[in-house]
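The block underneath contains the structure these notes are about, expressed in structure tokens.
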Amino acid sequence: MQVTETKSEGLKREFQVVLPAAELETRLATELDGIKGKVQLKGFRPGKVPVAHLRKVYGRSVMADVVQNAVNEANQKIVEDNKLKLALEPQVQMPEDKDEIEKALDAKADLAFKIALEVMPSFDLVDLSDVSLTKLVVTPSDEEINETIERMASANRAYEDRPEGEAAQSGDRLTIDFTGRIDGTPFEGGTGEGIDLDLGSNTFIPGFEDQLVGAKVGDERLVKVTFPENYGAEHLAGKEAEFDVTVKAVKAPGELKIDDELAKTFGMDSLDALKDAVRSTMGREYEAASRQKLKKGLLDALDSRYSFELPPSLVHQEFAAVWAQVEQDLKNRGKTFEDEDTTEEKAREEYRRIAERRVRLGLVLAQAGESADIKVSDDEVNQALIARIRQFPGQEQQVWDFYRKTPQALAELRAPLFEEKVVDHVLGQVKLVEEPVSKETLFADEDDAEAAKADKAEAAPAGESNPA
């Protein structure tokens with residue numbers, strides 16, 4: 001086998017591989033001799049089939065295996081001899097001349113083919129000791145905890161029927177039937193029976209609940225409302241609608257008690273234990289939000305400090321995934337690029353930059369993890385799998401079997417675990433300054449459009465062996 005490098009441009013490599021006809025013949029003969037004792041052909045005793053006859057019957061199929069094995073050997077030889085780290089699987093290009101291939105398959109001519117590769121870029125990890133990041137810290141206040149427990153108590157309070165003929169007040173729970181119409185025509189999702197509605201909860205269309213204050217059991221009311229312009233269902237947004245509403249029951253809220261008995265309904269021994277549990281839960285939520293912002297700040301810092309050539313195929317692959325998401329989002333919302341005050345061309349340029357950022361950061365995190373010898377244990381993957389299984393009650397065995405039989409799915413569980421470990425490692429190299437802030441500051445978003453794009457710009461999960 002003769003291997004010659006014919007192209008080296010940036011991250012692209014190309015090699016010419018030649019298998020002489022004599023080697024093809026030798027390999028074919030070896031393979032045929034290997035199956036001689038295994039095949040059974042009519043008219044021949046086991047192991048006594050002439051090789052010439054085997055060649056006539058199985059020659060082409062065996063030669064196909066010979067060629068595939070040779071391609072695999074060539075790939076391995078090229079990678080090992082040149083110490084290459086591949087971005088994607090090698091691309092093999094066989095001769096276009098069919099006669100040439102036919103002769104090679106008959107071992108009457110040399111087989112020459114090309115192998116095109118894209119390799120990973122080579123870059124050094126930069127010193128981050130001068131990078132300073134701010135970690136936002138929020139401590140749950142007693143007021144927030146008490147408000148949360150009040151909401152929990154309200155959601156679990158008992159309701160009792162109001163005396164016959166007594167009118168509904170704000171805070172009461174009504175059971176209603178309703179049928180909605182737009183321009184006199186019923187619309188999908190506009191009908192309901194036996195629906196509970198808490199007056200003053202603002203869970204229905206603005207104005208709907210207000211028109212039911214004062215209603216009594218058995219009342220039939222015509223409620224007129226206008227769907228908000230930003231209503232989730234595009235075909236209803238901004239439309240005027242009428243609802244025929246029948247009141248089936250009117251119930252008044254019972255006394256709101258916040259005590260040890262309330263705590264027991266939530267599986268806690270006392271009110272103090274419930275407060276501690278709420279404080280802990282809120283603390284985890286704040287910590288998660290804080291880490292997300294800190295991580296984005298770290299990725300921004302890394303993105304500004306690294307500049308190297310990216311494997312075109314990885315960028316193309318990432319862009320295709322991001323662009324498919326963008327197009328699906330527009331389709332779901334019934335919008336066009338013009339509605340978003342842009343053009344498809346400009347959007348493509350912007351999201352290509354996002355794809356490039358994701359690939360760049362993925363490569364940086366992968367190399368940082370490799371340099372620090374960061375690993376994800378099987379036990380950690382199993383814990384992640386168990387957490388995923390719990391999201392599908394009643395289907396635990398099916399989910400377990402799926403992941404155990406699908407290596408790619410398990411890899412998708414492992415990748416974010418690896419990335420978080422690498423992020424922790426890199427954060428240990430920068431200066432962290434904690435800044436106490438309010439909950440509102442922690443959860444304050446940037447401009448919605450910019451925040452959405454920033455979400456897409458997060459680094460793709462960096463795998464332990466392949467950051468793509």
In a check of salt bridge (charged side-chain N to carboxylate O under 4.0 Å, His left out) between Arg305 and each of Asp300, Asp124, Asp130, which one passes?
-> Asp130

Value for CG (Leu11) from CE (Met120), rounded to nearest 0.5 Å, stands at 10.0 Å

Where do Asp329 and Gln325 land on the side chain to side chain donor-acceptor pair (under 3.5 Å) test, with the steps shown first?
-> CA-CA 6 Å; Asp329 179 59; Gln325 180 183 346; over 6 Å; no

Just how far is it from atom CD of Glu344 to atom CG of Leu330, taken to the nearest 0.5 Å?
-> 9.5 Å

In this structure, CD of Gln91 is separated from CG of Asn75 (nearest 0.5 Å) by 10.0 Å

Side-chain heavy-atom pair Met94, Val67 within 4.5 angstrom cut-off | yes

Establish, from distance only, whether the side-chain atoms of Asp127 and Ser129 form a donor-acceptor pair under 3.5 Å.
-> yes

Check: Thr134/Glu435 side-chain N/O donor and acceptor closer than 3.5 Å = no

Could you give the distance from NZ (Lys135) to CG (Leu298), rounded to the nearest 0.5 Å?
-> 13.0 Å

Glu338, CD atom: more than 12 neighbouring heavy atoms under 6.0 Å = yes

List the steps, then state whether salt bridge (Lys or Arg N to Asp or Glu O under 4.0 Å) holds for Arg279 with Asp142.
-> CA-CA 9 Å; Arg279 189 187 304 277; Asp142 291 340; 3.2 Å; yes

CD (Glu188) with more than 12 external heavy atoms under 6.0 Å = no

Run the side chain to side chain contact (heavy atoms under 4.5 Å, CB included) check on Leu365 and Leu299 step by step: do they pass?
-> CA-CA 9 Å; Leu365 291 179; Leu299 295 179; 4.3 Å; yes

When you check the side-chain N and O atoms of Asn146 and Glu150, is any donor under 3.5 Å from an acceptor?
-> no

Consider only side-chain N and O atoms of Thr148 and Arg151, and report whether a donor and an acceptor are under 3.5 Å apart.
-> yes

Establish, from distance only, whether the side-chain atoms of Asp401 and Gln397 form a donor-acceptor pair under 3.5 Å.
-> yes

Can a donor-acceptor pair be found between the side chains of Glu73 and Asn69 at a distance below 3.5 Å?
-> no

